[in-house]
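This report refers to the structure that appears directly beneath it.
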Amino acid sequence: MNNDIEAVLYSQEQIDRRLDELAAALTNKYHNQNPLVVSVLTGAMIFTSDMLKRLNFRLNVDLVDVSSYDGANSTGQVKLLQDLKSNVAGRDVIIMEDIIDTGRTLKYLVQLLKDRGAKSVAVCALLDKPARREVDIEGDYVGFTTPNEFLVGYGLDYNNLYRNLPYVGILKQAVYAN
Ligand code: 5GP
Ligand code: MG
C-alpha cells in the first residue's frame with residue numbers, strides 16, 4: 001500500500017465485483033437503446049473504461065471536463081472546461097462520474113444536457129458521499145456509499161496524484177495538511 005494512504009476502503013476485487021453488478025443493471029436498462037456514455041474528466045477515466053468493457057450493447061462515448069470552484073463565500077461554481085463533441089438532442093445519456101460530493105458538478109451537467117434536449121439523463125457514479133450534499137441530486141447507479149473522508153485512487157486525485165492506485169483509499173491527513 002502507498003505510504004500516503006491511511007486505509008484501503010475499496011479493494012480492486014471489491015470494485016471489480018461491484019462494477020459487474022452496475023454493468024448488469026445498465027445492460028438490463030439500455031440493451032435495446034443506443035445511449036451516449038459521457039465520462040467526466042479526469043476522475044472518472046478509469047471507472048469509465050472499466051465499465052465500458054462490461055457494457056455489451058450499442059453505445060457511443062464522449063468526454064466532458066468540468067471544474068468546480070469553491071469561492072471565498074463557499075458558493076460552489078461549476079465551469080465547463082471541455083465540451084462534448086456530440087449532439088445530445090434526443091439521446092439517452094449516461095453520465096459516468098467518479099464521486100458525488102456536494103452534487104454541484106452533476107446538477108450542472110444534468111441540467112446542461114437536458115437544456116440541450118437529451119431524451120433522458122442518468123447518473124452512474126462509482127462513489128457517493130451523501131454527508132456532503134448541498135444540492136438536490138441522486139445517482140441512478142452508484143457503486144459505493146462512502147464515509148465523509150477524502151478519497152483517492154482508481155482515478156480520484158489529490159493535486160493530480162494517486163489516480164493510478166488500483167484501489168480507493170483514504171488519504172492521510174498529514175498529506176494535505178502539508
Ligand atoms: P461535487 O462537489 O460537485 O459533487 O464534486 C466535484 C468533484 O470533486 C468530484 O467530481 C471529484 O472530482 C471531486 N471530489 C469530491 N470528493 C472527493 C474526494 O473525496 N476525493 C477526491 N479525490 N475528489 C473528490
Ligand atoms: Mg470530478
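Every number for a ligand or one of its atoms is a count from 1 in the order of the listing.
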Output the list of atoms in ligand 1 that are nearer than 4.0 Å to some heavy atom of T105, sorted by atom number. 1 (P), 3 (O), 5 (O), 6 (C)
Ring pair (Phe, Tyr, Trp, His ring centres under 6.0 Å) between Y167 and Y154, intermediate numbers included: CA-CA 5 Å; Y167 51 81; Y154 197 73; 9.9 Å; no
Quick check: T102 and ligand 1, any N/O pair under 3.5 Å apart? yes
N or O contact, F150 vs ligand 1, cut-off under 3.5 Å: no
Taking D101 first and then R133, would you say they form a salt bridge - that is, a charged N and a carboxylate O separated by under 4.0 Å? no
Looking at non-hydrogen atoms alone, which of L106, D101, I100 comes nearest to atom 5 (O) of ligand 1? D101
Can you check which of L151, L109, V135 brings a heavy atom nearest to atom 21 (C) of ligand 1? L151
To which of I137, V66, D98 does the heavy atom nearest atom 12 (O) of ligand 1 belong? D98
Sidechain N-carboxylate O distance under 4.0 Å for D98, R163: no
Report yes if some heavy atom in the side chain of F57 is under 4.5 Å from a heavy atom in the side chain of N32; otherwise report no. no
Without swapping roles, check the side chain of R54 against the backbone of T27 for a donor-acceptor pair under 3.5 Å. no
Test your reading of the structure: does S68 have an N or O sitting under 3.5 Å from an N or O of ligand 1? no
Would you indicate which of I99, D157, L41 comes nearest to atom 22 (N) of ligand 1 when only heavy atoms are counted? D157
For ligand 1 and G103, I'd like to know whether there is a polar contact (N/O to N/O, distance under 3.5 Å). yes
